[in-house]
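For reference, the structure is listed below as structure tokens.
First the proteins, then the strands, lettered A, B, ... as listed; each starts at 1. Just so it is clear, the values below take in all heavy atoms, side chains as well, and ignore hydrogens, waters and symmetry mates.
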Protein chains: 2
Amino acid sequence: MRHDTRLSRMLHVLVHMDRHEGAATSETIAAMLGTNAVVVRRTMAGLRDQGYVRSEKGHGGGWILARPLGEITLLGIHNALGAPQLFSIGLAGDNPNCVIEQAVNASLAEAMHEAEAILLAKFGQVTLAALAEESSKRWAKPAHCSLAMEHS
Amino acid sequence: MRHDTRLSRMLHVLVHMDRHEGAATSETIAAMLGTNAVVVRRTMAGLRDQGYVRSEKGHGGGWILARPLGEITLLGIHNALGAPQLFSIGLAGDNPNCVIEQAVNASLAEAMHEAEAILLAKFGQVTLAALAEESSKRWAKPAHCSLAMEHS
DNA sequence: GATCATGCAACAACGCTAGTTGCATGATCA
DNA sequence: TGATCATGCAACTAGCGTTGTTGCATGATC
């Protein structure tokens with residue numbers, strides 16, 4: 001079962017954007033992530049709709065942070081990406097009339113809801129500012145990704 | 001992102017097997033799940049290797065529970081299925097040298113590990129006997145899936 | 001008006017899981 | 001003993017969803 005790394009990647013990008021002079025183009029971000037500019041635009045569109053970033057056209061255009069890192073939580077970005085499925089396991093629905101299936105699913109669902117609530121609560125407590133500070137504190141070295149070339 | 005319903009389905013099947021006279025063939029189980037007998041064998045193979053079920057060939061053969069429901073937990077079956085990924089979100093690994101990516105991933109991983117621990121702990125506490133009792137208590141009616149035809 | 005960059009839609013490619021087929025093995029029954 | 005039933009296993013096929021790609025339109029800057 002393949003996993004969705006958009007959340008991790010977008011968080012990474014956003015912190016870099018904060019340190020970045022001017023706008024970052026989709027092309028630049030795509031190169032940093034080893035992916036395609038159109039995919040970047042598709043993904044960033046959700047963040048733009050939620051007011052986390054702005055996009056500007058023309059010379060010197062690209063993507064710009066629209067809020068301070070301190071106002072952006074992991075949960076906010078998760079939701080801006082469409083709040084995708086957190087779990088890769090799901091409930092069977094082949095025999096909805098079967099009381100056994102219902103009991104099995106109810107038990108699984110309860111455990112999953114509890115775990116999900118805890119995960120989302122954690123996500124809601126962490127801001128990108130905290131992550132940025134954490135990274136500079138622990139390693140005291142500039143980041144070196146392609147987006148951050150001017151820092152290295 | 002599609003989800004893996006094997007755990008839910010196998011739990012369902014196991015409870016039915018407990019109420020079932022004699023062995024249940026892969027074909028019967030497949031019909032009940034709306035799937036294929038080979039897929040059933042593939043999935044049940046893991047449970048057999050862990051001693052949860054036995055398989056017998058020839059006339060009257062099929063699958064038989066090898067342990068009482070009280071000794072089978074959701075966690076046990078989850079592990080017997082190969083302990084597949086629980087989360088559909090994952091960590092990016094494009095820039096392993098980047099301290100920002102490291103900080104982002106560390107934060108996500110911590111939250112996910114915590115949620116996973118809670119989920120697995122829950123799974124470890126629930127036995128199939130509890131599910132079987134729950135289903136008969138709450139509805140006080142026989143289950144009606146194809147595997148359970150003789151009860152309905 | 002030339003260039004740069006996003007926006008959007010349609011299409012192609014890829015990877016993964018489920019599903020399928022075919023044959024071998026072994027147990028039961030007549 | 002031979003026919004039948006059922007699992008075991010391996011290789012192949014199909015379907016689905018996501019990512020990647022292409023082409024063109026829009027708008028901003030130089």
When Watson-Crick pairs (N1 to N3 and N6-O4 or O6-N4) and G-U wobble pairs (N1-O2 and O6-N3) count only below 3.5 Å on both distances, what is the dot-bracket string of DNA chain D, with | for other-strand pairs?
||||||||||||||||||||||||||||||
Assign B/Arg48 to base, sugar-phosphate, or nothing according to its heavy-atom contacts below 4.0 angstrom with the strands shown.
sugar-phosphate
Set of residues satisfying side-chain hydrogen bond (donor to acceptor under 3.5 Å, both in side chains) with respect to B/Ser26, sequence neighbours excluded
B/Arg41, B/Trp63
Summary of salt bridge (Lys or Arg N to Asp or Glu O under 4.0 Å) pairs that have at least one residue in residues 50-72 of chain A, sequence neighbours excluded:
A/Arg54-A/Glu56
Listing request: all salt bridge (Lys or Arg N to Asp or Glu O under 4.0 Å) pairs with a residue in residues 79-97 of chain A, at least two apart in sequence or in separate chains.
A/Asp94-B/Arg9
N or O in side chain of B/Thr25 less than 4.0 angstrom from D/dC5 OP1/OP2:
no
Quick one: is D/dT7 close enough that its OP1 or OP2 comes under 4.0 Å of any side-chain N or O from B/Ser26?
yes
Between [N] atom [atom2] and [X] atom [atom1], what is the distance in whole Å?
X	N	atom1	atom2	answer
A/Ile64	D/dA28	CD1	P	13 Å
A/Asp49	C/dC8	CG	C1'	13 Å
A/Ile29	C/dT6	CD1	C1'	12 Å
B/Asp4	C/dA18	CG	P	6 Å
A/Leu81	D/dT19	CG	C1'	15 Å
B/Arg54	D/dA6	CZ	C1'	15 Å
A/Glu27	D/dT22	CD	P	12 Å
B/His3	C/dA18	NE2	C1'	14 Å

Quick one: what's the B/S/- string for nucleotides 21-30 of chain C, heavy-atom cutoff under 4.0 Å, read 5' to 3'?
B---BBBBS-
Donor-acceptor side-chain pairing of A/Ser8 and A/Thr5 below 3.5 angstrom
no
Using heavy atoms to find the nearest nucleotide of DNA chain C for B/Thr35 and A/Gly62 separately, return the residue whose nucleotide is more 5′.
A/Gly62
Go through it in stages, so that I can follow the logic: the residues are A/Thr73 and A/Val126, the test is side-chain contact (heavy atoms from CB on, under 4.5 Å), and I'd like the CA-CA distance, side-chain angles, deciding distance and then a yes or no.
CA-CA 5 Å; A/Thr73 65; A/Val126 181; over 6 Å; no
Hey, can you pull the donor-acceptor pairs under 3.5 Å for the side chains in residues 42-52 of chain B, sequence neighbours left out?
{"unit_1": "B/Thr43", "atom_1": "OG1", "unit_2": "B/Val39", "atom_2": "O", "d": "2.9"}

Report the residue from B/Asn79, B/Asp4, B/Leu7 that forms a side chain to side chain contact (heavy atoms under 4.5 Å, CB included) with B/Pro84.
B/Asp4
Does the side-chain contact (heavy atoms from CB on, under 4.5 Å) test come out yes or no for B/Leu131 and B/Thr127, once each step is laid out?
CA-CA 7 Å; B/Leu131 291 183; B/Thr127 67; over 6 Å; no
Checking B/Lys122 against A/Met112 for the side-chain contact (heavy atoms from CB on, under 4.5 Å) test, could you report, in this order, the C-alpha distance in whole Å, the side-chain angles of both residues, the deciding distance, and whether it holds?
CA-CA 9 Å; B/Lys122 273 271 176 185; A/Met112 286 166 64; over 6 Å; no
Mark yes or no for a side-chain to base donor-acceptor pair under 3.5 Å between A/Arg42 and D/dG20, with no hydrogen or angle criteria applied.
yes
